[in-house]
Amino acid sequence: MNYWLLKSEPSVFGIDDLANRPRQTEPWDGVRNYQARNMLRDQMRRGDLALFYHSNCTPPGVVGTVEIVRAGYPDPTAFDPESNHYDPKSDPAKPRWYQVDVRLKRRCQRMVTLAELRQHAAEFDDFALLRPGNRLSVMPVAPATWRRILELAGG
DNA sequence: GCCAACGTTGGC
DNA sequence: GCCAACGTTGGC
C-alpha cells in the first residue's frame with residue numbers, strides 16, 4: 001500500500017465537488033505530464049491512499065484524503081475533441097495518458113496549509129511538495145510524512 | 001498580476 | 001542532439 005498526493009485547483013475540481021459526486025467517486029483525469037502519468041499508470045494501486053491538495057488558491061494546502069478505487073487505465077478525455085484535455089497525439093490503440101478513480105475517504109478536520117507544511121519541513125522525509133520549483137500534480141508521500149500530516153489535520 | 005521553475009516544441 | 005522560444009504551473 002502506497003501513499004500519494006494529488007493536486008487539484010478548487011476552482012476547477014475541489015474536495016466539495018468530489019463530496020457531491022455519486023458514491024463520492026471521480027476519475028482523476030486530465031493529467032498531462034509524463035512523470036505524473038507514469039505514477040498513475042504504473043505505480044498506483046487500488047487501495048492506495050492520497051492526500052487531496054488544493055493548489056492555485058488561497059491558501060493552498062491539504063484538505064482531505066482519498067482512496068484509489070481503480071488503478072490506472074486510459075484517460076478518455078485525451079480522445080475527446082470536445083474536452084479541454086484533448087490530445088490528438090494520444091492514439092486509442094496506444095494511449096498516452098492515464099487516469100485512476102478516487103473516492104473521498106475523509107475531509108481534514110482542519111486544513112493543513114502549505115505554509116504550515118513548510119514550518120514542519122524538517123519532520124518530513126524529502127517531501128517532493130516542498131522542493132523548490134515543484135510542479136508535479138501527482139507525487140509519492142512517505143508513510144511517516146503521511147502520518148504526520150494527518151496528525152496536523154486533526155486525524 | 002508577477003515571475004521563477006520547469007516542460008515542450010521545433011528549427012537547425 | 002542542442003537549445004532558444006514559448007507555454008504552463010502555482011506560490012505569492
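Every value quoted in this text rests on a predicted model; they were computed, and no experiment measured them. Every chain is numbered from 1 and lettered A, B, ... according to where its sequence line falls, protein lines coming before strand lines.
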Return a table of donor-acceptor pairs under 3.5 angstrom between the side chains of residues 62-80 of chain A and protein atoms on other chains or two or more places apart.
unit_1, atom_1, unit_2, atom_2, d
A:T65, OG1, A:R106, N, 3.4
A:T65, OG1, A:R106, O, 3.4
A:Y73, OH, A:Q99, NE2, 3.0
A:Y73, OH, A:D101, OD1, 2.4
A:Y73, OH, A:D101, OD2, 3.4
A:D75, OD1, A:T77, N, 2.8
A:D75, OD1, A:T77, OG1, 2.6
A:D75, OD2, A:G30, N, 2.8
A:D75, OD2, A:R32, NH1, 3.0
A:D75, OD2, A:R32, NH2, 3.3
A:D75, OD2, A:T77, OG1, 3.3
A:T77, OG1, A:R32, NH2, 3.0
A:D80, OD1, A:E82, N, 2.8

### Interface limits on DNA chain C, where chain A has a heavy atom under 4.0 Å of a nucleotide atom
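Contacts span C:dG7 to C:dC12, reading 5' to 3'.
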### Task
Using heavy atoms to find the nearest nucleotide of DNA chain B for A:K89 and A:R135 separately, return the residue whose nucleotide is more 5′.
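Final value for this comparison: A:R135.
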### Query
Can you list every ring pair (Phe, Tyr, Trp, His ring centres under 6.0 Å) pair that touches residues 96-152 of chain A, not counting sequence neighbours?
A:Y3-A:W146, A:Y34-A:W97, A:F124-A:F127
### Query
So what does A:R118 hit on the nucleic acid, given a heavy-atom distance under 4.0 Å: a base, only sugar-phosphate, or nothing?
sugar-phosphate
### Query
So what does A:P59 touch, heavy atoms closer than 4.0 Å: a base, only the sugar-phosphate, or nothing?
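No contact at all - A:P59 keeps every heavy atom at 4.0 Å or more from the nucleic acid.
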### Query
Can you list the residues that meet the salt bridge (charged side-chain N to carboxylate O under 4.0 Å, His left out) rule with A:R46, with sequence neighbours excluded?
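Counting only residues at least two positions away or on another chain, A:R46 forms no salt bridge (charged side-chain N to carboxylate O under 4.0 Å, His left out).
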### Message
According to side-chain hydrogen bond (donor to acceptor under 3.5 Å, both in side chains), who are the partners of A:D48, at least two apart in sequence or on a separate chain?
### Response
A:W4
### Message
With salt bridge (Lys or Arg N to Asp or Glu O under 4.0 Å) as the rule and sequence neighbours excluded, what pairs involving residues 126-139 of chain A come up?
### Response
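Qualifying pairs, neighbours excluded: A:D126-A:R131.
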